[in-house]
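Okay, structure first, notes after.
Chain letters run A, B, ... following the sequence lines, proteins first, then strands; residues in each count from 1.
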There are 2 protein chains.
Amino acid sequence: MRQVGWVLALLLALIAPAAQAQGEDGYDLWLRYRLANAYPREAYDQQFREVIHQGSSATLDAATDELRRASHRIMGHPVPLIDAPVGDGSLVIGTPANSPIIAALHLPLESLGTQGYLIRSLTIDGHRVNVIAANSDIGVLYGAFRFIRQLQTGQPITALDISDAPKLQLRILDHWDNPTRYVERGYAGQSLWDWQTLPGYTNPRYTDYARADASIGVNGVVLNNVNANVVMLTPQWLVKARALADIFRPWGIKVYLSAKFSAPMELGGLKTNDPLDPQVAAWWKAKADEIYALIPDFGGFLVKANSEGQPGPQDYHRTHADGANMLADALAPHGGIVMWRAFVYASENPDDRAKQAYNDFQPLDGKFRPNVLVQIKNGPIDFQPREPFHPLFGAMPHTPEMIEVQLSKEYLGFATHLAYLGTMWSEVLGSETGRGGTVADVIETPVAPGAPTGMAGAANAGTDRNWTGSQFNQANWYAFGRLAWDPKVSAGDIARDWAKMTWGTDPAVVEPVVAMMMRSREAVVDYMTPLGLVHQMATGTHYGPGPWVSDLARPEWNPHYYSKADASGIGFDRTATGSSAIGQYAPKLRESFANLRKTDEKLLLYFHHVPWDYRTKSGRTLWDELVIHYDQGVESVRQMQANWAALKGKIDERRWQEVAQFLAIQLQEAIWWRDASIAYFQSVSKLPLPAGHAAPAHDLDWYKAISNPFAPGDTKPGL
Amino acid sequence: MRQVGWVLALLLALIAPAAQAQGEDGYDLWLRYRLANAYPREAYDQQFREVIHQGSSATLDAATDELRRASHRIMGHPVPLIDAPVGDGSLVIGTPANSPIIAALHLPLESLGTQGYLIRSLTIDGHRVNVIAANSDIGVLYGAFRFIRQLQTGQPITALDISDAPKLQLRILDHWDNPTRYVERGYAGQSLWDWQTLPGYTNPRYTDYARADASIGVNGVVLNNVNANVVMLTPQWLVKARALADIFRPWGIKVYLSAKFSAPMELGGLKTNDPLDPQVAAWWKAKADEIYALIPDFGGFLVKANSEGQPGPQDYHRTHADGANMLADALAPHGGIVMWRAFVYASENPDDRAKQAYNDFQPLDGKFRPNVLVQIKNGPIDFQPREPFHPLFGAMPHTPEMIEVQLSKEYLGFATHLAYLGTMWSEVLGSETGRGGTVADVIETPVAPGAPTGMAGAANAGTDRNWTGSQFNQANWYAFGRLAWDPKVSAGDIARDWAKMTWGTDPAVVEPVVAMMMRSREAVVDYMTPLGLVHQMATGTHYGPGPWVSDLARPEWNPHYYSKADASGIGFDRTATGSSAIGQYAPKLRESFANLRKTDEKLLLYFHHVPWDYRTKSGRTLWDELVIHYDQGVESVRQMQANWAALKGKIDERRWQEVAQFLAIQLQEAIWWRDASIAYFQSVSKLPLPAGHAAPAHDLDWYKAISNPFAPGDTKPGL
C-alpha cells in the first residue's frame with residue numbers, strides 16, 4: 001500500500017502542472033486538498049495509514065469517504081478502509097454505540113453532547129493510533145473534518161487531544177432564492193437549486209455544497225427567499241425540497257423553508273390568514289403534516305412577516321407572537337421550529353427606523369412558544385458596513401434570540417469588493433450588551449434547559465464556479481460556519497486557517513493574505529460610510545454611492561434620512577434630543593452613547609448629529625476627519641493591491657489574476673465612493689478639503705447622473 | 001523532447017483516475033482532448049513532433065496554443081514550437097504572407113478565399129511534414145482545429161490532402177441575453193456575459209467560449225436579446241461589449257448587437273424614431289461612429305422590429321426596408337451589416353400567422369441596401385419540432401436571405417430532452433424550394449457578386465457547467481457550426497464526429513450514441529406534435545402540453561388555433577379551401593401540398609384539416625395513426641434509455657449518470673405529453689383508442705390542472 005501510495009504521490013507531484021491545464025478556479029473552496037509538502041507528508045504516511053471504521057451509516061460513510069478523498073489528494077494516496085485490527089497509524093472513528101473499539105476506550109464523551117467530538121492520540125494494544133470519537137455519527141463527521149484540517153494546514157497528527165462541541169445548536173444558512181432561480185441580494189450567479197430539473201436530476205454540486213457546509217458545522221439550510229413565494233409549499237415543489245433534503249441528510253444538514261404567511265388564502269382558498277382562526281391553524285397543521293410525511297427531519301419555517309410589504313399577523317391586529325405560535329404549534333408535534341424575523345419597520349411609522357423592531361418585539365418577551373426563536377439582524381438598521389449591535393440582544397431574557405448576519409455583502413460592494421466579514425461579526429458578537437454579557441453570551445445561553453440557540457447567515461453561495469462570486473468571499477462562508485460553531489473564536493485565527501487551506505501553507509503567502517483580510521472590512525467602512533454613517537448606498541440596488549438621495553416617498557428609502565447632513569453638521573441624533581433610540585440599550589450603555597465625547601468615534605454619526613467643526617479625538621475637525629477617512633479607505637485598497645501584487649507567482653495564476661482584476665475594480669469603485677461622497681457632503685458643509693487631499697475628479701452632478709438599473713441582486717430587476 | 005513526452009504520457013495515463021476525482025463534467029465540450037489510445041498515439045509521436053510557426057499574430061498564436069494544448073492532452077506532451085528548420089514530423093502553419101516556407105510551396109490557395117484552409121502532407125528538403133496553409137491567419141486557425149479533429153477522432157495524419165472553405169460568410173450565434181443576465185428561452189443557466197464585472201474582470205470562460213465557437217467556424221456573436229434593451233447602446237455598456245470583442249477577436253469572432261428601434265427616442269431624446277427623419281438617421285450614424293471608435297471590427301446590428309410588441313418602422317407607416325436601410329447607411333461606412341428579422345406577425349392581422357412574414361417581406365425584394373440581410377426562421381411558425389421550410393426562401397431573389405435556427409430547444413423539451421437538431425436543420429436545408437434549388441442552395445448563393453450570405457442560431461450556451469444545460473445539447477451547438485460552415489454536410493457525419501470527440505472513439509460507444517441522436521428529434525415530434533401538428537405547447541412557458549388552450553385574447557396564442565381539432569377532424573387547412581398559405585410556395589410545390597394524398601404525412605396536419613377517419617398510407621385511420629405516433633415517441637425514448645444503460649462503465653460515471661437521469665425525466669415528460677394529448681384529442685374525436693394502446697393515466701382535467709409558472713426561459717418570469 002505505502003509503495004503504491006508513494007508512486008501515486010510522485011505522479012501527482014509531477015503531473016500537477018498538466019492536471020491544472022485550465023488552472024485552479026476556486027471550486028474546491030477550502031476543501032482544496034492539495035498535495036502536502038514532503039516534510040509533513042512523510043510523517044502523515046507513518047501516522048495515518050488506514051481508517052478503522054466499524055458499524056455503518058450514511059453519515060459514517062460520508063466521513064470515511066471524505067477522509068479518503070483528503071488523504072488521496074493531500075498524501076498522494078487514499079488510505080485503506082478496514083474494520084480491524086488496529087495497527088500503528090490507524091485512525092479509529094466511531095461512537096461507543098457502533099464501534100466496540102471506541103466503546104472499550106471509555107473516553108470522556110459526556111460533555112460533547114450530540115454534535116461534539118474528541119480527537120485523541122493514544123495507544124491500543126501497543127499500537128500508536130488516533131481516535132475520532134463522538135456520541136453521534138454527525139459528531140464523528142465533524143471530527144473527521146477537524147482531523148483533515150490538521151492535514152490541510154500542515155499540523156502534526158501526533159499527541160492530539162482535541163475536544164470540541166458547538167456553542168450554538170442551530171447553524172443555518174438562509175438562501176434568498178426565488179423559484180425562478182433568481183437570488184435576491186445574490187451576487188454569485190443563480191440559485192444553486194435547479195428547480196426545473198429537481199427532483200429528477202441530482203447535480204453532484206448539491207453534494208459538494210453539503211460537504212462544504214458540514215466541514216464548517218452548518219447544520220441547516222433554508223432553501224428559499226424570506227420574501228417567500230407560496231409555490232414552495234405546493235406538493236409539486238415539496239418533492240424538490242425532499243430531493244435536496246435526502247442529499248443533505250448524511251451531512252447532518254436539515255432543510256427548512258421560508259413560509260409566506262398568506263399561504264392559507266393563496267393556496268388553501270381560505271377567507272383569512274388570521275393566526276387565531278381555527279381553520280387557518282388547521283391548514284398550517286395539515287401542511288406541516290404533509291411536509292413531514294415527505295421530509296421526516298424537516299427543520300421548520302423561517303418567516304418574514306409584516307415587514308417590507310410581507311403579509312403577517314398584524315394584518316389581523318394580532319401580534320408577532322400570535323403568528324409565530326400558531327406555526328410553532330403546527331410544527332411542534334414533529335419537532336420543528338419557527339425562526340421569526342425581528343427585521344420589521346413600517347413606512348407609516350414616523351419613528352426612527354432603528355427603534356421599530358425593539359418596540360414591536362421587546363414587549364412580547366415570554367409570549368412565544370418554546371420552539372420559536374426570534375431572529376435578529378446583527379444591527380438595528382440592515383447589514384451595514386458598521387452599525388452598533390441590535391438593542392434587542394439581551395432585552396428578551398425569556399425568549400430564544402438568534403442572530404442573523406449577511407454573507408452576501410449587499411451593502412459592502414457586492415462580489416467584487418474584498419471585505420472579510422469575520423472581523424465585523426466578531427465585533428458584534430463581542431459587544432457588551434449590559435444585559436447578561438456580550439451578544440455572544442446572550443445567544444449562546446439557553447433561556448431555559450433545552451431551549452434552542454442559533455445563528456443564521458444570509459448565504460452568499462450561487463452557481464458561479466467559485467461559489468461566492470469571488471475567491472475571497474469564500475472566507476465569509478467559512479467564517480460564518482466557524483463563528484456559528486463558536487462565536488468567540490478569533491476572526492484572525494479563522495482567517496489564518498482559511499488562508500492556509502485556500503491559498504497554501506507557505507507563510508510568505510498566508511501572512512500577506514491574512515493581513516489583507518483583517519484590514520479589508522475597515523477599508524470598506526472608510527470609503528463608504530465612515531464614522532458611524534449608514535445606508536448611503538444608491539437606493540434600490542444598493543450599488544454605489546447615493547448620499548444625496550432625499551426625494552423618495554418613504555423616508556427610510558432616502559440615504560439623507562440616515563445622514564441628516566445639513567449646514568449645521570452631519571449625523572442622526574439618537575439621544576434624548578433626537579429619536580432617543582439609545583434608550584433601547586441597557587442603562588449602563590446609554591450614558592456613553594449619549595455622551596459625544598464618550599461615544600466610540602467609529603459610531604459617532606450613528607448616535608449624534610455633529611457640527612462640521614467639532615474637534616475629534618485626533619484634534620481635527622469632523623469635516624477634515626471625514627475626508628481623511630474616505631482617503632484612508634482608498635489607500636487601504638491600494639495597499640491590498642500591493643500585498644497581492646507581491647504574491648504573483650506564489651499563487652496559481654488563474655486565481656491570482658481573478659483577485660488582481662477584482663482588486664482593480666474595488667479600487668475604481670472605492671475612488672468613486674470617496675469622490676461622490678466628498679462632492680456631496682462638501683456641497684452641504686461648504687468647507688474646503690484639508691491640505692493634501694485632492695478634490696473629486698468630477699462635480700456632484702456627474703456623480704448624481706450615474707445610474708445602474710441592472711446591478712445584480714435588486715428585489716425588482718428589470719428584465 | 002520525445003522521452004520527456006513519453007514520461008509525461010505515462011504519467012498522464014496512470015494519473016487519469018486521480019486527476020478526474022470529481023469526474024468529467026462536460027465543460028471541455030468537444031474540445032475534450034483525452035489521451036489517445038496507444039496505437040494512433042505512437043504514430044502521432046512520429047508524425048507530429050513540432051509546430052513550425054513563422055510570423056506572429058494574435059490569431060496565429062491562438063492556433064499554436066490550441067495545437068500545443070491538444071497535443072499535450074491527446075499525445076501526452078505539448079509539441080515544441082519553433083520557427084525553423086523543418087524536420088520529419090514538422091507541422092508547418094501559416095500564410096504565404098507570413099511564412100517563407102509556405103510561400104515557397106506555391107500551394108493552390110486561390111480557391112480557399114479569406115477563410116478557407118489547406119492541409120497537406122508533403123515533403124520538404126526530404127522531410128515528411130504536414131502543412132496547414134491559408135490566405136489568412138483565421139484560415140490557419142480553422143485549419144489547426146481541423147487538424148486537431150484528426151487527432152481527436154483517431155484518424156491518420158499522413159497522406160493528408162484536405163481543402164475546405166466555408167460555404168457561408170456569416171456564421172453567427174444570437175444570444176437572447178438580457179442586461180440582468182436572464183436569458184430569454186435559455187435553459188442553461190444565466191448569460192455567459194457577467195455585465196456587472198465587465199469590463200474589469202475578464203473571466204477565462206469567455207476565451208473558452210471563443211475557442212469552442214472558432215473550432216466549428218462560428219465567426220460572429222450577437223451579445224444581447226433581439227427583444228433588446230437600449231442600455232446596451234449606452235457608453236457605459238459599450239465598453240463591456242468592447243471587452244468581449246477584444247477577447248473574441250483573435251478567434252476570428254466579431255461582436256454584434258441587437259438594436260432597439262426606439263433608441264433615438266429612449267436614449268437620444270428625439271421626438272420620433274421615424275427612419276426617414278434626418279435627425280433619426282443622424283442619431284444612428286453618430287451611434288455607429290461611437291461604436292466603431294470602440295470596436296473597429298464591430299459586426300453590425302440585429303433587429304427585431306414590429307414583431308411581438310417591438311417598435312419598428314411600421315409605427316411610422318414606413319416599411320421594413322425603410323428601417324433596415326436607414327441603419328445600413330449608418331453602418332456601411334464602417335463595413336457593418338444589418339440582419340433584419342422576418343419573424344413578424346400581428347394579432348390585429350386576422351390572416352394565417354404562417355403567411356404574414358411572406359406578405360410583409362416578399363414585396364420588398366430588391367428594396368434593401370446591399371449590406372442588409374433578411375433573417376428568416378427555418379419555418380413559417382416558430383422553431384417547432386417539425387414544420388415546412390419558410391416560403392420566403394428563394395422568394396426574394398434580389399435580397400440576401402439568411403436562415404435562423406434555434407439551438408435552445410424552446411419547443412423541444414428545453415434542456416432535459418435529448419433531441420439532436422442536426423437532422424432537423426438538414427431536413428430544412430435540404431428542402432427543395434422550387435425556386436433555385438434547396439434552401440441550402442438559396443442561402444449559399446450570393447444574390448450579387450460579393451453579396452453577404454449567412455446562417456444564424458439562437459444560442460443555447462449559458463453558465464451551466466456543461467454550457468448547454470445537458471451533455472447532449474452540446475451536439476446542437478457543434479452541429480450549428482458545422483452546418484453554417486457547410487449546409488450540406490450530413491447530420492450523421494456531424495453526429496459521429498461529435499460523439500467521438502465528446503464520448504470517446506470506441507465504436508462500442510460511438511455507434512449507440514449516434515443511433516440515439518439520429519432518432520431523437522423524430523421521437524420528440526412523435527410525442528409532442530406528430531403528423532404535422534405545431535405549437536401544442538402550454539402558452540407562455542412552452543413547457544409541457546396545452547392542446548386544449550383556446551381562450552386567450554390573441555388567437556395565435558392558443559394551441560387550438562394551430563390544431564383546429566373538432567368533431568370533423570384535425571389540422572389547419574392551408575389549401576385554397578382554407579388560408580391558402582400554400583400559395584406562398586413555388587408553383588411546383590403547391591400542387592403536392594394541396595393534394596391530401598401527395599402531402600408528406602409528416603406535414604399532413606400542417607397543410608390540411610383531415611377527418612378523424614381518413615385512411616393514412618398505412619391503411620389506419622388518422623385517429624389510430626395519431627395515437628400510434630404518440631406511443632412511438634414514448635417507445636423511442638425507452639429505446640434511447642436502453643442504449644444508454646448498455647453504455648454504463650464505458651463512459652465516465654458522472655456524465656453517464658447525468659444523461660441517465662435526464663433520459664428518465666424525458667421519459668416521464670414524453671408520457672405526460674402522450675397522455676395529455678390523447679386525453680384532449682379523444683375528448684374531441686370521441687373515438688376509442690386502437691387495440692393495445694393504453695388509456696391516459698389520468699383524466700383530461702388532471703392534465704389541464706398542471707401549471708408550471710416558474711418554468712425557465714419565459715419572457716416574463718415571475719420573480
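- Within the 4.5 angstrom heavy-atom criterion, no atom of B:Tyr187 approaches chain A.
- Chosen from A:Val231, A:Thr463, A:Thr416, the residue pairing most often with chain B at heavy-atom distances under 4.5 Å is A:Val231.
- Here the CZ atom belonging to B:Phe710 is positioned 6.5 Å from the CH2 atom belonging to A:Trp237, to the nearest 0.5 angstrom.
- Contact annotation for residues 191-204 of chain B against chain A (heavy-atom separation below 4.5 Å, listed by residue number): B:Gln196, B:Thr197, B:Gly200, B:Tyr201, B:Thr202, B:Asn203, B:Pro204.
- Between atom CZ of residue B:Arg465 and atom CZ of residue A:Arg465 there is a gap of 3.5 Å, rounded to the nearest 0.5 Å.
- Between chain A and the options B:Arg181, B:Gln190, B:Arg205, heavy-atom pairs under 4.5 Å are most frequent for B:Gln190.
- For A:Ser262, the side chain to side chain donor-acceptor pair (under 3.5 Å) partners at least two apart in sequence or on another chain are A:Glu266.
- For the options B:Gly189, B:Ala415, B:Ala660, B:Ala664, heavy-atom pairs under 4.5 Å to chain A are most numerous at B:Gly189.
- Within a 6.0 Å radius of CD in A:Glu308, more than 12 heavy atoms belonging to other residues, nucleotides or ligands are found.
- The environment of CD in A:Glu653 is crowded: more than 12 heavy-atom neighbours from other residues, nucleotides or ligands sit within 6.0 Å.
- Of the atoms belonging to B:Thr541, not a single heavy atom falls under 4.5 Å from chain A.
- Atom CD of A:Gln236 sits about 7.5 Å away from atom CD1 of B:Ile706, to the nearest 0.5 Å.
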